[in-house]
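First the structure, in the form of structure tokens, and then the observations on it.
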Amino acid sequence: MLQTPYRHSRHYHGPVQAVVFDWAGTLVDYGSFAPTQVLIDAFKGFGIDITLAEARIPMGLAKWDHIAALGQLPSVDARWRARFGHSMRRDDIDGLYAAFMPLQVERVAHYSTVIPGALPVLASLRERGIKIGSCSGYPRVVMDKLLPHAAAQGLEVDHAVATDDLKPGGRPGPWMALANVIELGVSELASCIKVDDTVPGIEEGLAAGMWTVGLSLSGNEVGLSLDEVQALPAAEVEARRRRAANKLAQAGAHYVIDSIADLPAVVAAIALRLARGERP
């Protein structure tokens, strides 16, 4: 075997080829209420009260995993043991999930108004020839309700992956993001940008070898509606923005912005870095 002291190194210098978006808190549902409020209602049906703050902690995971993670929170576990005499078991998670799913399907459209700025941003990406993928912690049955509701508001993507579409599962693994790469025919992972409002969603993009963009104000980490954000004093908005941005940055996000409306400047910055041969 011939051995040399040199190694070939490839450097992509092409354009951004695709952006892969999350849904709730990213494209629709400012503040990400559909996944959280319905979880609160599902737990209440079992006689367990959980807070909105607790419901948001595992956000971004597949919904069965989300329920399981909630059951492991010390505060929720204590309430569950007080009511049922034991910690949450697999059959308990299955029961909660079975109660949760019809509520989620029924109510997802109610919460899923398109986030301001999303439509012109997607239009600008298409004008540049950039493909638009998406993935979600929602299962397929919920996505099938969400997609036509979004389309009726003018929001359509090139591809959408649900958390139960793939055998390995969902976040924080890279599989949903990579399924978009395959379906969209993207030739270079470094040419892709993953946009998400949760830590598991940022981890998903990083695991897939993509640039990652975290959304602070519009997403789960601040967890307020647009009206609620606009009603806050500027100092309070800044404090909440900073806390959310720090958490997403610590998860590894390359950039953190307020909402999808701010994305074009980031896409332009990443395009310049790609032209220099930089990688995520």
Side-chain angles (χ1 to χ4, degrees), residues 22-25 29 31-112 135-146 160-179 196-208 219-221 223 247-248 250-251:
D22 174 48
W23 278 88
D29 188 4
S32 196
F33 285 92
T36 48
Q37 187 58 54
V38 178
L39 278 167
I40 291 170
D41 295 341
F43 271 83
K44 195 170 188 64
F46 283 70
I48 303 293
D49 291 325
I50 64 171
T51 67
L52 186 58
E54 289 169 332
R56 291 189 182 281
I57 291 173
M59 187 61 72
L61 299 177
K63 296 311 163 201
W64 193 96
D65 296 328
H66 191 149
I67 292 169
L70 282 172
Q72 294 174 5
L73 295 178
S75 57
V76 177
D77 178 57
R79 283 172 235 151
W80 193 274
R81 285 188 287 106
R83 181 166 180 81
F84 296 107
H86 58 78
S87 294
M88 192 183 292
R89 300 168 179 167
R90 187 178 186 88
D91 59 341
D92 298 318
I93 302 170
D94 289 339
L96 271 163
Y97 186 76
F100 165 79
M101 283 311 305
L103 294 175
Q104 185 73 96
V105 172
E106 175 189 345
R107 300 181 190 175
V108 65
H110 172 74
Y111 292 99
S112 296
C135 54
S136 176
Y138 287 139
R140 175 52 57 183
V141 66
V142 178
M143 288 299 295
D144 285 345
K145 185 73 174 287
L146 173 57
V161 182
T163 196
D164 57 350
D165 283 349
L166 306 173
K167 185 176 180 180
R171 300 163 184 153
W175 308 293
M176 292 195 296
L178 293 177
D196 207 293
D197 65 304
T198 68
V199 167
I202 296 301
E203 292 173 340
E204 172 189 34
L206 294 172
N220 180 68
E221 292 304 328
K247 185 171 182 179
L248 294 165
Q250 288 171 6

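Atom set for the values below is all heavy atoms of this structure, side chains included, hydrogens, waters and symmetry mates excluded.
- Across Arg140 and Asp164, no two heavy atoms sit closer than the pair N-OD1, 2.8 Å.
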(message) Val142 vs Met101, test: side-chain contact (heavy atoms from CB on, under 4.5 Å). Steps then yes/no.
(response) CA-CA 8 Å; Val142 178; Met101 283 311 305; 3.4 Å; yes
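- One distance of note links CG of Leu70 with CD1 of Ile48; it measures 12.0 Å at 0.5 Å rounding.
- Atoms CD and NE2, from Gln37 and His110 in turn, are 9.5 Å apart once rounded to the nearest 0.5 Å.
- Aromatic ring pairs are classed by plane angle as parallel below 30°, tilted from 30° to 60° and perpendicular above 60°; the pair Trp80 and Phe43 is perpendicular.
- Residues Gln104 and Tyr97 fail the side-chain proximity criterion, which asks for heavy atoms closer than 4.5 Å.
- Distance NZ/Lys44 to CG/Leu39: 14.5 Å, rounded to 0.5 Å.
- Ile93 has its side chain within reach of Trp64: a pair of non-hydrogen atoms, C-beta onward, lies under 4.5 Å apart.
- Residues Tyr138 and Pro35 meet the side-chain proximity criterion, which asks for heavy atoms closer than 4.5 Å.
- Minimum heavy-atom separation, Ala34 to Asp29: N-OD2, 2.8 Å.
- When all heavy atoms are compared, the tightest approach of Leu96 to Ala42 is CD2-O, 3.7 Å.
- For Arg79 (side chain) and Asp49 (main-chain N/O), a donor-acceptor pair under 3.5 Å exists by modelled atom type.
- Within the 4.5 Å cutoff, the side chain of Val141 has no heavy atoms near those of the Lys145 side chain.
- Here the CZ atom belonging to Arg171 is positioned 12.0 Å from the CG atom belonging to Asp65, to the nearest 0.5 angstrom.
- Using a 4.5 Å heavy-atom threshold, the side chains of Phe46 and Asp92 count as separate.
- For the atom pair CE (Met59) and OG1 (Thr198), the distance works out to 8.0 Å, reported to the nearest 0.5 Å.
- Residues Met176 and Asp165 have side chains not in contact (no heavy-atom distance under 4.5 Å, counting atoms from C-beta outward).
- The two residues Phe33 and Gly223 have their closest heavy-atom pair at CZ-O, 3.5 Å.
- Closest heavy-atom contact between Gly170 and Thr163: CA-OG1, 3.6 Å.
- Taken to the nearest 0.5 Å, the CD atom of Glu204 stands 8.0 Å off from the CG atom of Asp22.
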(request) Apply side-chain contact (heavy atoms from CB on, under 4.5 Å) to the pair Val199 and Lys247, showing each step before the final yes or no. (result) CA-CA 8 Å; Val199 167; Lys247 185 171 182 179; 3.9 Å; yes
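- Looking at every heavy atom in both residues, Ala55 comes nearest to Ile50 through CB-CD1, 4.1 Å.
- Remark: the backbone N or O of Asn220 is paired with a side-chain donor or acceptor of Asp197 at under 3.5 angstrom.
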